[in-house]
Student: 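Here it is, the structure in full.
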Amino acid sequence: MVHFSRICFRKYGNFVDNLRLYVRGGSGGMGLPRLGGRGGSGGDVWVVASKNMNLKRIKDKYPEKRFVGGTGVNSSVRALKGDKGNDKEILVPVGITVTTDDGKVIGDLNTEGDRLMVAKGGAGGSFHSGFEPRKGENKHIRLDLKLIADLGLVGFPNAGKSSLLTAMSNATPQIANYAFTTLRPEIGKLMYTDYKQISVADLPGLIEGAHMNKGMGHKFLKHVERTRQLLFVVDVCGFQLASQTPFRSAFEAVQLLTKELELYKEELVSKPALLVVNKMDLPDAEDKLAELEEQLQNPDEFSDLLPDEMIPKNYMTFRHVVPVSASTGFGIDRLKSCIRESLDEDAALAIKAIHHDRLQALRHHSQEHL
């Protein structure tokens with residue numbers, strides 16, 4: 001038990017997915033009353049997305065977590081209009097949501113190079129201000145990292161998600177035969193023969209009550225929001241988190257995972273999803289798989305297996321149910337094909353929707369000119 005606690009602290013302690021910073025725009029420069037000179041504006045503070053940055057690096061490099069724009073240059077005889085103070089840039093990882101302390105969203109940075117002004121510099125002194133400069137904006141902001149990936153692996157501890165990611169991709173997450181091995185997100189890349197790449201996020205395992213922030217709770221669930229599709233992973237033989245918790249069959253695991261997503265944010269369960277039934281190398285796996293498939297086809301008939309609080313409002317409909325063994329490699333190639341097919345299907349639908357919208361706009365434009 002001591003060994004587990006030490007692993008938990010070390011691994012999760014090195015991963016930072018939220019940070020609170022103080023930002024202040026630079027003060028403006030002094031105006032020059034006798035010549036009507038205007039001081040330069042203070043520098044602004046910007047948050048800028050960069051692929052090579054992470055929040056832990058910011059935390060380590062700037063322990064005071066203060067970012068201030070440069071002061072505007074005073075007006076002078078040589079330069080009646082002072083230069084603007086230097087802007088301050090905070091480089092952050094892609095996938096950041098910037099909010100105020102009270103939770104108001106300032107903006108998102110989803111691609112490299114995205115920029116967001118978080119504190120404006122003060123105006124320089126001028127005739128209208130009695131040549132006195134203004135101070136810059138100041139506030140506390142929060143940087144909240146939500147991983148952006150094509151697929152998010154959703155499963156309870158020890159379902160074999162890390163092993164599955166390793167079998168499918170070039171990721172090398174820590175793997176062991178006990179719960180909670182994954183304590184920080186890992187991103188893997190699926191590589192295809194035509195050089196197509198698909199990103200897969202292996203996220204810390206959910207536990208019952210995650211929507212109430214039990215276990216890793218919101219630290220896990222918020223990352224699911226920015227994945228395009230979900231990849232449910234269950235142990236074909238079911239699982240038991242601890243000796244004092246109830247045993248859950250594969251069918252119960254699917255419904256409980258659905259319920260946890262639904263309770264956190266209902267729209268998450270409307271994402272396209274695939275189901276991976278892992279550990280098919282175990283004894284009786286084929287019989288367990290047949291039982292699960294029957295239950296998934298008629299979930300209402302088997303709802304009495306679940307406590308009332310575990311029954312989701314809407315059962316998940318999976319585009320593919322794929323049996324695999326991450327340890328032997330069985331079914332991995334088929335799974336990769338199904339993932340590609342599902343994402344390509346969504347891409348085709350998106351293109352079709354864009355063409356439809358353009359056609360509608362053209363028709364509307366033509367009718368206006370008749």
Side-chain angles (χ1 to χ4, degrees), residues 147-177 181-182 185-205 223-224 226-239 249-251 253-254 257-258 271-297 316-351:
L147 296 175
I148 299 173
D150 296 309
L151 285 169
L153 295 180
V154 179
F156 287 115
N158 219 27
K161 295 187 286 84
S162 295
S163 300
L164 181 67
L165 186 64
T166 302
M168 289 194 298
S169 74
N170 59 356
T172 54
Q174 179 185 353
I175 298 165
N177 190 29
T181 309
T182 302
E186 300 277 356
I187 296 286
K189 292 281 187 182
L190 306 192
M191 309 293 290
Y192 292 83
T193 53
D194 61 353
Y195 304 106
K196 169 79 173 180
Q197 294 185 26
I198 291 173
S199 57
V200 183
D202 177 21
L203 306 162
H223 293 303
V224 178
R226 288 198 179 179
T227 58
R228 294 182 187 177
Q229 298 190 7
L230 304 178
L231 198 64
F232 278 51
V233 184
V234 297
D235 184 329
V236 68
C237 294
F239 83 104
S249 68
F251 175 70
V254 169
L257 288 167
T258 304
K271 285 180 180 282
L274 295 81
L275 174 62
V276 180
V277 186
N278 195 17
K279 305 191 182 180
M280 288 300 296
D281 53 305
L282 295 177
D284 302 323
E286 291 292 344
D287 292 339
K288 296 285 187 184
L289 175 64
E291 181 182 18
L292 172 61
E293 288 176 330
E294 181 185 359
Q295 291 168 330
L296 291 174
Q297 287 174 5
M316 291 291 295
T317 301
F318 297 103
R319 290 184 173 179
H320 300 278
V321 177
V322 188
V324 306
S325 169
S327 61
T328 68
F330 166 76
I332 296 299
D333 287 341
R334 178 171 175 249
L335 174 58
K336 289 180 69 173
S337 296
C338 289
I339 289 170
R340 175 73 180 269
E341 181 183 322
S342 185
L343 286 166
D344 285 351
E345 181 183 333
D346 275 3
L349 288 172
I351 292 170

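For clarity, every value in this text was computed on a predicted model and none was experimentally measured. One is the number of the first residue; the rest follow in order along the sequence.
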Student: To the nearest 0.5 Å, how far apart are CG in L289 and CG in D284?
Tutor: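 Rounded to the nearest 0.5 Å, the CG-CG separation comes to 12.5 Å.
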
Student: Indicate the atoms forming the closest heavy-atom contact of V254 with F232, along with that distance.
Tutor: O-CE2, 3.9 Å

Student: For K336 and M168, which heavy atoms make the closest approach, and how far apart are they?
Tutor: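 Scanning both residues completely, I find the closest heavy atoms to be NZ-O, 3.6 Å.
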
Student: Nearest heavy-atom pair of A253 and F239: which atoms, and what distance?
Tutor: CB-CE2, 4.1 Å

Student: Are the side chain of N278 and the backbone N or O of P323 linked by a donor-acceptor pair below 3.5 Å?
Tutor: no

Student: Under a 4.0 Å threshold between the charged nitrogen and the carboxylate oxygen, would D235 count as salt-bridged to K288?
Tutor: no

Student: If I take atom CG from residue D344 and atom CD1 from residue I339, how far apart are they, to the nearest 0.5 angstrom?
Tutor: 11.5 Å

Student: Atom CZ in F318, atom SG in C338: separation rounded to 0.5 Å?
Tutor: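 If we round to the nearest 0.5 Å, F318:CZ and C338:SG are 13.5 Å apart.
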
Student: Kindly determine whether L257 and F156 satisfy side chain to side chain contact (heavy atoms under 4.5 Å, CB included), including the steps that lead there.
Tutor: CA-CA 8 Å; L257 288 167; F156 287 115; 3.5 Å; yes

Student: Any side-chain to backbone donor/acceptor pair from Y192 onto S337? Under 3.5 Å, distance only.
Tutor: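 It does not hold such a pair.
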
Student: Hey, are the side chains of L231 and V276 touching, using non-hydrogen atoms and a 4.5 Å cut-off?
Tutor: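 Answer yes - side chains close enough.
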
Student: Where do L153 and K161 come nearest, in terms of heavy atoms and distance?
Tutor: CD1-O, 3.7 Å

Student: State, with a plain yes or no, whether a side-chain heavy atom of L164 is found less than 4.5 Å away from one of I332.
Tutor: yes

Student: Just by distance, do the side chain of K271 and the backbone of T227 share a donor-acceptor pair under 3.5 Å?
Tutor: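 Between the backbone of T227 and the side chain of K271 there is a qualifying donor-acceptor contact (under 3.5 Å).
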
Student: Roughly how far, to the nearest 0.5 Å, is the CG atom of L343 from the CG atom of L151?
Tutor: 5.0 Å

Student: Checking side chain to side chain contact (heavy atoms under 4.5 Å, CB included) for the pair V322/V277: CA distance, chi angles, key distance, verdict?
Tutor: CA-CA 6 Å; V322 188; V277 186; over 6 Å; no

Student: Hey, could you give me the OG1/CG distance between T317 and L296, rounded to the nearest 0.5 Å?
Tutor: 10.0 Å

Student: Are side-chain heavy atoms of K189 and M191 found at a separation under 4.5 Å?
Tutor: yes

Student: Please walk me through it: do S199 and D150 pass side chain to side chain donor-acceptor pair (under 3.5 Å)?
Tutor: CA-CA 5 Å; S199 57; D150 296 309; 3.3 Å; yes

Student: Can you check whether R340 reaches D194 side chain to side chain, under 4.5 Å on heavy atoms?
Tutor: yes

Student: Quick one: list whatever passes side-chain hydrogen bond (donor to acceptor under 3.5 Å, both in side chains) with S342, sequence neighbours left out.
Tutor: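 S342: side-chain hydrogen bond (donor to acceptor under 3.5 Å, both in side chains) contacts with Q229, R319.
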
Student: Give, for atom SG of C237 and atom CE of M280, the distance between the pair rounded to the nearest 0.5 Å.
Tutor: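 Here the rounded value is 8.5 Å.
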
Student: For the residue pair S169 and G188, what are the closest heavy atoms and their distance?
Tutor: OG-CA, 3.7 Å

Student: Identify the two heavy atoms, one from A285 and one from V236, that lie closest to each other, and give their separation to 0.1 Å.
Tutor: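 For A285 versus V236, the nearest heavy atoms are O-CG2, 3.6 Å.
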
